Amino acid sequence: ATVYTVPTLRVLTTRSFANGIGKNIQAAFEKQHNCLVEYVYLNGVQHLLLHIQHAQSPGDLVAGLAYEAVANQELPAFFTFHQIATQKFSGALTSWQNKKLLPFAYNKLTFIYDNHKIKQPIDSLEDFLQSEEKVIIMDPRTSNPGLGLLLWMKSVYGEKSAVFWKRLRRKLLTVTRSWSDAYALFLNGEAPFVLGYTTSPAYHRLKENTSHIQACHFKEGHYLQFYVAAILKNSSQLLLAKKYLEYILKNSS
């Protein structure tokens with residue numbers, strides 16, 4: 001008898017994508033396209049990029065990396081053109097020239113705090129630096145928001161960004177490999193501040209009906225970080241990979 005096997009789509013990604021957006025859409029995509037989606041997440045962004053460059057982890061597409069992480073690498077030869085329109089982000093992104101990297105979600109970085117511990121809202125980076133409370137951040141070599149923080153501070157302070165890092169050092173509780181590790185420590189009460197996203201308070205209100213998790217809103221502004229996906233040139237599931245990109249573009253924000 002002939003044994004029929006469904007195609008498997010291998011997505012190289014980060015742990016936060018696999019357990020977040022990826023997990024939310026996996027079952028529905030598998031049912032719609034009669035396939036299996038396998039998430040392969042490695043230990044950090046740079047590790048993932050090295051695997052792509054050295055073909056150590058074959059896959060069909062990459063998803064969940066910040067644009068900055070991929071744009072600064074010599075990766076174009078490893079991706080193929082996706083030919084998918086990106087008008088969805090016309091309000092946040094005026095021009096997107098890259099035809100291999102598909103933006104599918106974005107968020108603004110900020111510092112999240114627990115208002116049970118921080119009683120007065122902090123509305124500027126200067127006020128944040130002057131406060132005595134500890135903060136948890138992420139390693140820019142292994143974390144999308146960690147990399148975003150580097151670029152955010154460079155955009156605010158320019159050549160004087162080293163001064164920011166020197167002042168921040170005394171506030172650091174720890175630097176973690178991933179956002180999920182940092183946020184778990186924060187929720188466990190290890191520190192009253194953590195690097196995160198402006199949407200985190202809304203998540204806690206919707207999922208937990210709690211309002212003590214708040215986001216800092218700085219007068220200096222916040223860094224807008226786009227997350228991208230791309231089809232690997234040597235994918236054995238090129239058509240299915242494109243359908244997956246279209247699906248996450250439609251079902252993410």
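Since the model is a prediction, treat every value here as computed from it, not as a measurement.
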*Answer yes or no: are there more than 12 heavy-atom neighbours, outside Lys108 itself, under 6.0 Å from its atom NZ?*
no
*asked:* With heavy-atom distances below 4.5 Å as the criterion, would you say the side chains of Leu195 and Phe186 are in contact?
replied: no
*Please find out if less than 6.0 Å separates the ring center of Tyr247 from that of Tyr244.*
no
*Answer whether the closest heavy-atom distance between the side chains of Leu240 and Cys35 falls below 4.5 Å.*
yes
*asked:* Hydrophobic cluster membership, with links at side-chain heavy-atom distances under 4.5 Å among I/L/V/M/F/W/Y: are Ile112 and Leu187 in one?
replied: yes
*Would you call the rings of Trp179 and Tyr197 parallel, tilted or perpendicular, where under 30° means parallel and over 60° means perpendicular?*
tilted
*Is Thr13 reaching over with its side chain to a backbone N or O of Ala63, donor-acceptor style, under 3.5 angstrom?*
yes
*Take Tyr113 and Glu133, measure what side chain to side chain contact (heavy atoms under 4.5 Å, CB included) needs, and give me the verdict at the end.*
CA-CA 10 Å; Tyr113 66 95; Glu133 290 80 7; over 6 Å; no
*Might you point out which heavy atoms bring Gln237 and Asp60 nearest each other, and give the distance in Å?*
N-OD1, 3.4 Å
*Is there a donor-acceptor contact under 3.5 Å from the side chain of Lys243 to the main chain of Phe29?*
no
*Decide yes or no for Arg15 and Ser180: does some side-chain heavy atom of the first lie under 4.5 Å from some side-chain heavy atom of the second?*
yes
*Counting only heavy atoms not in Glu208, do more than 12 fall under 6.0 Å of its CD?*
yes
*asked:* So which atom in Ala230 and which in Leu101 form the shortest heavy-atom distance, rounded to 0.1 Å?
replied: CB-CD2, 3.8 Å
*asked:* To check you understand the geometry: which heavy-atom pair defines the closest contact between Ile122 and Ile118, and what is its length?
replied: CD1-CG2, 4.5 Å
*With no hydrogens and no angle check, is any side-chain donor or acceptor of Arg170 less than 3.5 Å from a backbone partner on Leu129?*
yes
*If you look at every heavy atom in Leu238 and Lys233, which pair is closest and at what distance?*
CD2-O, 4.4 Å
*Mark yes or no for whether Asn144, through its side chain, and Ala69, through its backbone, hold a donor-acceptor pair below 3.5 Å.*
no
*Between Trp152 and His222, how do the two ring planes meet: parallel, tilted or perpendicular, split at 30° and 60°?*
tilted
*asked:* Ring centroids only, cut at 6.0 angstrom: are Phe128 and Phe193 within range, meaning strictly under it?
replied: yes
_More than 12 heavy atoms from other groups under 6.0 Å of NZ on Lys117_ = yes
*So do Val62 and Phe79 actually touch side chain to side chain, heavy atoms under 4.5 Å?*
yes
_Between Glu190 and Lys134, is there a side-chain heavy-atom distance shorter than 4.5 Å?_
no
*Looking at side-chain heavy atoms only, is the closest gap between Asp127 and Lys219 below 4.5 Å?*
no
*Check whether Leu185 and Tyr203 end up in the same hydrophobic cluster, where Ile, Leu, Val, Met, Phe, Trp and Tyr are linked by side-chain heavy atoms less than 4.5 Å apart.*
no
_Hydrophobic cluster membership, Leu125 vs Trp165, 4.5 Å side-chain cutoff_ = yes
_4.5 Å side-chain heavy-atom contact, Leu36 and Glu30_ = yes
*Under the criterion ring pair (Phe, Tyr, Trp, His ring centres under 6.0 Å), which of Tyr106, Phe104, Tyr67 is the partner of Phe226?*
Tyr106
*For residues Phe111 and Leu149, determine if any side-chain heavy atom of one lies less than 4.5 Å from a side-chain heavy atom of the other.*
yes
_Could you check whether any side-chain N or O of Thr110 sits under 3.5 Å from a backbone N or O of Cys216, counting only pairs where one atom can act as donor and the other as acceptor?_
yes
*Would you check if the side chain of Asn24 reaches a backbone N or O of Gly20 as a donor-acceptor pair within less than 3.5 Å?*
yes
*Closest non-hydrogen atom pair between His116 and His212, with its separation*: NE2-CB, 3.5 Å
_Contact summary for Arg177 and Ser143, nearest pair of heavy atoms_ = O-CB, 3.5 Å
